[in-house]
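Inspection log for the structure reproduced underneath, given as structure tokens.
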Amino acid sequence: MAKILLLGSGELGKEFVIAAQRLGQTVIAVDSYENAPAMSVAHESEIINMLDGDALDALVAKHQPDYIVPEIEAIRTERFYEYEKQGYTVIPSARAANFTMNRKAIRDLASKELGLKTPKYAYATSAESLRKSVSEIGMPCVVKPLMSSSGKGQSTIKTEADIEKAWSYSQDGSRGDVAEVIVEAFVDFNYEITLLTVTQRNGKTLFCPPIGHRQERGDYQESWQPTAMLEEHLKTARQMADKVTSSLTGAGIWGVEFFIADDGVYFSELSPRPHDTGMVTLANTQNFNEFELHLRAIIGLPIPEITLERIGASAVILASETGANPSYEGLEFLAEATKTDFRIFGKPSTRPFRRMGVVVTYDVLDGDISEVTKKAKELAGKVKIKS
Ligand SMILES: Nc1ncnc2c1ncn2[C@@H]1O[C@H](COP(=O)(O)OP(=O)(O)O)[C@@H](O)[C@H]1O
Ligand SMILES: [Mg+2]
């Protein structure tokens with residue numbers, strides 16, 4: 001059985017470990033703090049600062065895993081190239097992890113090398129150069145630190161007066177030592193999707209039915225599957241997802257994000273791992289959920305097809321204040337609702353808007369997706385977290 005070193009132990013990691021456990025694999029869950037969600041279900045856990053390359057090297061040498069599986073971006077991913085040279089398998093690949101952790105690398109690859117349609121963009125390294133880039137791109141535009149996730153440091157510039165504060169906000173929200181930002185034209189999209197894409201070592205690339213989602217403060221609030229879209233747009237999105245994942249190389253699941261606007265499909269970004277909006281697959285919308293697909297692709301089990309079994313939605317359960325040892329009120333409302341399930345991640349502490357759990361709802365294939373989504377959202381709002 002394979003030994004998996006899971007770098008990052010959040011809620012997505014926890015479901016991944018459960019999928020791995022069910023197929024008898026061994027997982028060592030790693031994070032920077034004790035009692036992270038995935039640690040409670042893994043065989044072993046380790047606490048290190050994953051941005052510390054030497055600590056990471058020591059961990060890999062100690063465990064000699066068959067697979068190194070990153071679950072987050074904030075890792076000293078440059079070291080992954082060295083691990084591959086030493087014969088380790090990084091999921092999906094060192095190249096994928098490195099390109100996707102820096103918005104510049106992945107955007108230049110997608111737009112310039114692969115020719116994918118993306119929002120118009122430029123870069124800036126100071127408030128001064130941001131002013132220049134904004135005049136080049138036009139307003140409104142979106143500013144994002146090159147290294148950040150969950151909307152951290154991200155803001156929209158609508159008028160000249162926003163430029164200065166967009167710069168300082170980006171500097172507060174940036175992870176790592178890079179001060180540079182990307183400036184993107186604001187795409188007035190009709191809707192956005194995640195196209196979960198599975199690449200296999202010895203099999204064809206598969207696509208999950210498209211997932212719709214709604215974002216607030218840089219984090220997703222509800223997601224639903226499938227989301228209705230023009231066949232032609234879906235085809236374009238699949239072609240783009242295929243192009244970018246084959247260029248990045250490796251096996252696993254990817255969350256490829258697109259904006260669908262009047263003038264077509266824009267590639268936005270991608271995660272080389274399960275995607276948070278893909279938690280909707282925990283409603284058993286598919287023959288395999290996104291974590292099971294990731295695991296199977298990683299250990300090289302063939303995946304012949306991905307089928308939609310029913311429609312579903314997910315809605316996040318958020319904390320409202322800072323505290324420790326949270327308790328949950330109102331879970332009985334979720335339990336007494338039909339065609340409903342939920343997960344509580346087991347995070348040891350809370351802070352405002354921290355994601356603590358998720359509600360999933362579902363219905364038969366010809367059910368009403370907007371009703372299913374509305375129900376998930378309403379139920380999630382009934383849970384009160386005390387800490
Ligand atoms: N250029 C843009 N135009 C319109 N909305 C955007 C743009 N860039 C980001 N957004 C919105 O912000 C969300 C988060 O941005 P994203 O680039 O995916 O950052 P993150 O890495 O934090 O997920 C997107 O899902 C989308 O809703
Ligand atoms: Mg995103």
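Numbering of ligands and ligand atoms starts at 1, following listing order.
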query = So is Ser148 polar-close to ligand 1, meaning N/O to N/O under 3.5 Å?
reply = no
note = among protein heavy atoms, the one nearest atom 1 (N) of ligand 1 is Glu184 OE1, 2.8 Å
message = What I want to check is whether the side chains of Thr100 and Arg273 have a donor and an acceptor closer together than 3.5 Å.
response = no
query = What protein heavy atom sits nearest atom 5 (N) of ligand 1, and how far away is it?
reply = Phe189 CE2, 3.5 Å
query = Could a heavy atom of Ala185 be found less than 4.0 Å from some atom of ligand 1?
reply = yes
message = With nothing but distance in play, are any N or O atoms of Gly218 less than 3.5 Å from an N or O of ligand 1?
response = no
query = Mind checking whether Phe291 and Trp254 sit in one hydrophobic cluster, side chains of I, L, V, M, F, W, Y counted as touching below 4.5 Å?
reply = no
inquiry  = Assess, by modelled atom type and distance only, whether the side chains of Glu309 and Thr307 contain a donor and an acceptor separated by less than 3.5 Å.
reply    = yes
task = Within a distance under 4.0 Å of any heavy atom of Gly151, pick out the atoms of ligand 1 and give their elements.
result = 22 (O)
query = Between Arg238 and Thr197, does any side-chain donor sit less than 3.5 Å from a side-chain acceptor?
reply = no
message = Can you see whether Arg95 engages Ser247 through a side-chain donor-acceptor pair at a distance of less than 3.5 angstrom?
response = yes
remark   = ligand 1 atoms nearer than 4.0 angstrom to some heavy atom of Lys144 are 8 (N), 9 (C), 16 (P), 17 (O)
query = What's the shortest distance from atom 3 (N) of ligand 1 to any protein heavy atom, and which residue and atom give it?
reply = Val187 N, 2.8 Å
Within 45° cone of Tyr83 ring axis and under 6.0 Å: Arg79 NZ or CZ = no
Side chains of Lys117 and Asp263 in contact at under 4.5 Å (non-hydrogen atoms) = yes
query = So which of the N, O or S atoms of Glu269 lies nearest the Mg ion (ligand 2)?
reply = OE2
task = Could you list the atoms of ligand 1 found under 4.0 angstrom from a heavy atom of Val142?
result = 1 (N), 2 (C), 7 (C)
ask   = For atom 20 (P) of ligand 1, which protein heavy atom lies nearest, and how many Å away is it?
value = Glu269 OE2, 3.4 Å
Distance-only side-chain donor-acceptor flag, Glu222 / Thr373, under 3.5 Å = no
ask   = Can an N or O of Lys152 be found at a distance shorter than 3.5 Å from an N or O of ligand 1?
value = no
task = For Ser150, take its heavy atoms, then give the atoms of ligand 1 lying under 4.0 Å from any of them.
result = 22 (O)
key: Top protein contact for atom 10 (N) of ligand 1, by heavy-atom distance   = Phe259 CZ, 3.9 Å
task = Identify which of Glu192, Arg214, Gln154 has a heavy atom lying nearest to atom 14 (C) of ligand 1.
result = Gln154
query = Between Ser149 and ligand 1, is there a nitrogen or oxygen pair with a distance under 3.5 Å?
reply = no
query = Between Glu192 and Gln215, do the side chains contain an N or O donor and an N or O acceptor separated by less than 3.5 Å?
reply = no
query = Does one side chain, of Thr199 or Thr245, offer a donor that lies under 3.5 Å from an acceptor on the other?
reply = no
